[in-house]
Enquirer: 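I have a structure here, written as structure tokens, and I will follow up with some questions on it.
Hydrogens, waters and symmetry mates play no part in the numbers below; they use all other heavy atoms, side chains included.
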Amino acid sequence: MAEIKTKPTQATAADHIAAVDNPVRRADALAICAMMERITGEAPQMWGPSIVGFGSYHYKYDSGHEGTMCRLGFSPRKAQLVLYILPGFKGEAERLARLGKHKIGKSCLYINKLADVDMGELEAMARDAWDWMNVRYPH
């Protein structure tokens with residue numbers, strides 16, 4: 001089985017965010033980092049070279065594949081902000097409908113800039129995701 005590449009590193013989230021070239025993306029990343037730290041009560045930790053994560057959980061699929069990943073996280077990528085906050089909690093579709101301009105992937109929310117979305121809705125979604133992860137994967 002292949003080794004999982006996304007795991008905690010010694011790099012700091014502050015250095016990673018400070019290195020973001022686009023000043024709007026950097027400011028948005030700082031705002032998301034502060035929001036997630038407030039929601040989780042956890043310090044940010046780098047997962048791999050580009051994900052700022054909060055907390056961790058261990059998963060194991062029926063196939064036998066298993067690993068550890070952050071419970072909540074984001075990545076300030078060049079093209080978009082990617083938030084890992086869509087685990088399938090109840091009411092997720094309704095919240096997305098109220099959020100504003102975005103795209104979604106399997107468990108990812110893609111946002112061009114925070115000015116495009118309702119921050120209250122985004123924070124509620126992140127809080128719901130954190131709560132759902134804590135129920136699904138107890139500490």
Side-chain angles (χ1 to χ4, degrees):
M1 200 168 291
E3 184 181 346
I4 297 167
K5 296 176 185 170
T6 306
K7 49 185 149 185
T9 71
Q10 295 301 313
T12 70
D15 288 347
H16 179 68
I17 293 169
V20 172
D21 287 336
N22 181 313
V24 172
R25 179 91 65 245
R26 187 171 48 251
D28 286 354
L30 287 169
I32 291 170
C33 190
M35 175 188 74
M36 288 187 172
E37 194 167 359
R38 186 173 58 252
I39 288 169
T40 66
E42 302 268 347
Q45 180 173 24
M46 290 303 300
W47 287 75
S50 63
I51 297 174
V52 179
F54 298 84
S56 66
Y57 71 102
H58 187 81
Y59 61 87
K60 185 172 183 178
Y61 298 137
D62 291 339
S63 67
H65 174 80
E66 63 183 302
T68 302
M69 189 58 188
C70 56
R71 289 178 180 262
L72 209 64
F74 73 96
S75 182
R77 296 187 184 161
K78 193 170 206 161
Q80 296 169 311
L81 292 164
V82 182
L83 287 80
Y84 302 96
I85 63 169
L86 299 178
F89 55 82
K90 186 177 180 173
E92 186 175 277
E94 293 82 3
R95 287 203 184 279
L96 285 169
R98 295 188 301 263
L99 181 61
K101 187 177 176 184
H102 69 277
K103 293 180 183 174
I104 58 170
K106 185 171 182 167
S107 64
C108 306
L109 176 66
Y110 299 91
I111 298 171
N112 288 329
K113 57 188 180 296
L114 290 182
D116 291 341
V117 298
D118 179 316
M119 281 302 294
E121 203 62 57
L122 183 63
E123 184 159 349
M125 288 178 70
R127 188 173 309 283
D128 286 351
W130 179 255
D131 292 346
W132 187 91
M133 290 296 291
N134 287 333
V135 168
R136 176 98 164 91
Y137 301 98
H139 292 283

Enquirer: Do Leu96 and Phe74 land in one hydrophobic cluster if side-chain heavy atoms of ILVMFWY residues count as linked below 4.5 Å?
Expert: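 Yes, same cluster.
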
Enquirer: Got a donor-acceptor contact below 3.5 angstrom from the Ser107 side chain to the Tyr84 backbone?
Expert: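 Not a single qualifying donor-acceptor pair exists.
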
Enquirer: Show your reasoning for whether salt bridge (Lys or Arg N to Asp or Glu O under 4.0 Å) applies to Asp128 and Arg95.
Expert: CA-CA 10 Å; Asp128 286 351; Arg95 287 203 184 279; 2.8 Å; yes

Enquirer: side-chain contact (heavy atoms from CB on, under 4.5 Å), that's the test. Do Leu109 and Val82 meet it? Break it down for me.
Expert: CA-CA 6 Å; Leu109 176 66; Val82 182; over 6 Å; no

Enquirer: Hey, could you give me the CG/CZ distance between Leu122 and Arg98, rounded to the nearest 0.5 Å?
Expert: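 It is 12.5 Å, given to the nearest 0.5 Å.
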
Enquirer: Below 4.5 Å, heavy atoms only, C-beta onward: do Ile111 and Gln80 meet side chain to side chain?
Expert: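 Counting from C-beta outward, Ile111 and Gln80 never come under 4.5 Å.
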
Enquirer: What about Leu114 and Val20, same hydrophobic cluster or not, with Ile/Leu/Val/Met/Phe/Trp/Tyr joined at side-chain heavy-atom distances under 4.5 Å?
Expert: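 No, Leu114 and Val20 fall in different hydrophobic clusters.
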
Enquirer: With heavy-atom distances below 4.5 Å as the criterion, would you say the side chains of Arg71 and Thr40 are in contact?
Expert: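 No; the side chains remain at least 4.5 Å from each other.
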
Enquirer: Between CE of Met69 and NZ of Lys7, what distance do you get to the nearest 0.5 Å?
Expert: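 With rounding to 0.5 Å, CE (Met69) is 12.5 Å from NZ (Lys7).
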
Enquirer: Got Leu86 and Ile104 here, is their nearest side-chain heavy-atom distance under 4.5 Å?
Expert: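 Answer yes - side chains close enough.
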
Enquirer: Would you check, one step at a time, whether the test side-chain contact (heavy atoms from CB on, under 4.5 Å) holds for Ile17 with Cys33?
Expert: CA-CA 9 Å; Ile17 293 169; Cys33 190; 4.0 Å; yes

Enquirer: Starting from the C-alpha separation in whole Å, work towards a yes-or-no answer on side-chain contact (heavy atoms from CB on, under 4.5 Å) for Ile51 and Met46.
Expert: CA-CA 6 Å; Ile51 297 174; Met46 290 303 300; 5.8 Å; no

Enquirer: Apply side-chain hydrogen bond (donor to acceptor under 3.5 Å, both in side chains) to Arg127 and list each qualifying residue two or more places apart in sequence or on a separate chain.
Expert: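 Per chain and number, Arg127 pairs via side-chain hydrogen bond (donor to acceptor under 3.5 Å, both in side chains) with Glu123.
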
Enquirer: Answer whether the closest heavy-atom distance between the side chains of Cys70 and Ser56 falls below 4.5 Å.
Expert: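 With C-beta onward as the side chain, the pair stays apart.
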
Enquirer: Do Pro76 and His16 make a side-chain contact, defined as non-hydrogen atoms from C-beta onward lying under 4.5 Å apart?
Expert: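 Yes, their side chains come closer than 4.5 Å.
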
Enquirer: Going hydrophobic residue to hydrophobic residue with side-chain gaps under 4.5 angstrom, can you get from Tyr137 over to Tyr61?
Expert: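 Both belong to a single hydrophobic cluster.
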
Enquirer: Please report the shortest heavy-atom distance between Gly100 and His102, naming the atom on each side.
Expert: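 Heavy atoms only, the tightest pair is O-ND1, 2.6 Å.
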
Enquirer: Which of parallel (below 30°), tilted (30 to 60°) and perpendicular (above 60°) describes Tyr59 and Tyr57?
Expert: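 Judged by the thresholds at 30° and 60°, the geometry between Tyr59 and Tyr57 is tilted.
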
Enquirer: Which residue, Thr68, Val52, Thr9, forms the side-chain contact (heavy atoms from CB on, under 4.5 Å) with Trp47?
Expert: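 Looking at Thr68, Val52, Thr9, the match for Trp47 under the side-chain contact (heavy atoms from CB on, under 4.5 Å) is Thr68.
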
Enquirer: What residues form a salt bridge (charged side-chain N to carboxylate O under 4.0 Å, His left out) with Lys113, not counting sequence neighbours?
Expert: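 In terms of salt bridge (charged side-chain N to carboxylate O under 4.0 Å, His left out), with neighbours along the sequence ignored, Lys113 is linked to Asp116.
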
Enquirer: With a 4.5 Å heavy-atom cut-off, do Glu42 and Trp130 have their side chains touching?
Expert: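 Counting from C-beta outward, Glu42 and Trp130 do come under 4.5 Å.
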
Enquirer: Is there a donor-acceptor contact under 3.5 Å from the side chain of Arg25 to the main chain of Lys78?
Expert: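 Indeed, once roles are kept as given, a pair shorter than 3.5 Å links the two residues.
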
Enquirer: Side chains of Lys101 and Asn112: does their closest heavy-atom pair fall under 4.5 Å?
Expert: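 Side-chain contact under 4.5 Å: yes.
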
Enquirer: With a 4.5 Å limit on heavy-atom distance, are the side chains of Phe54 and Pro44 in contact?
Expert: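 Yes, their side chains come closer than 4.5 Å.
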
Enquirer: Looking at CG of Asn22 and CZ of Arg77, how far apart are the two atoms once the value is rounded to the nearest 0.5 Å?
Expert: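 CZ of Arg77 is found 15.5 Å from CG of Asn22.
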
Enquirer: So Met36 and Ile85, side-chain contact (heavy atoms from CB on, under 4.5 Å) or not? Walk me through it.
Expert: CA-CA 10 Å; Met36 288 187 172; Ile85 63 169; 3.7 Å; yes

Enquirer: Is it possible for you to say whether Leu81 and Met119 belong to one hydrophobic cluster, with membership spreading through side-chain heavy-atom contacts below 4.5 Å?
Expert: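 Yes, one cluster joins them.
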
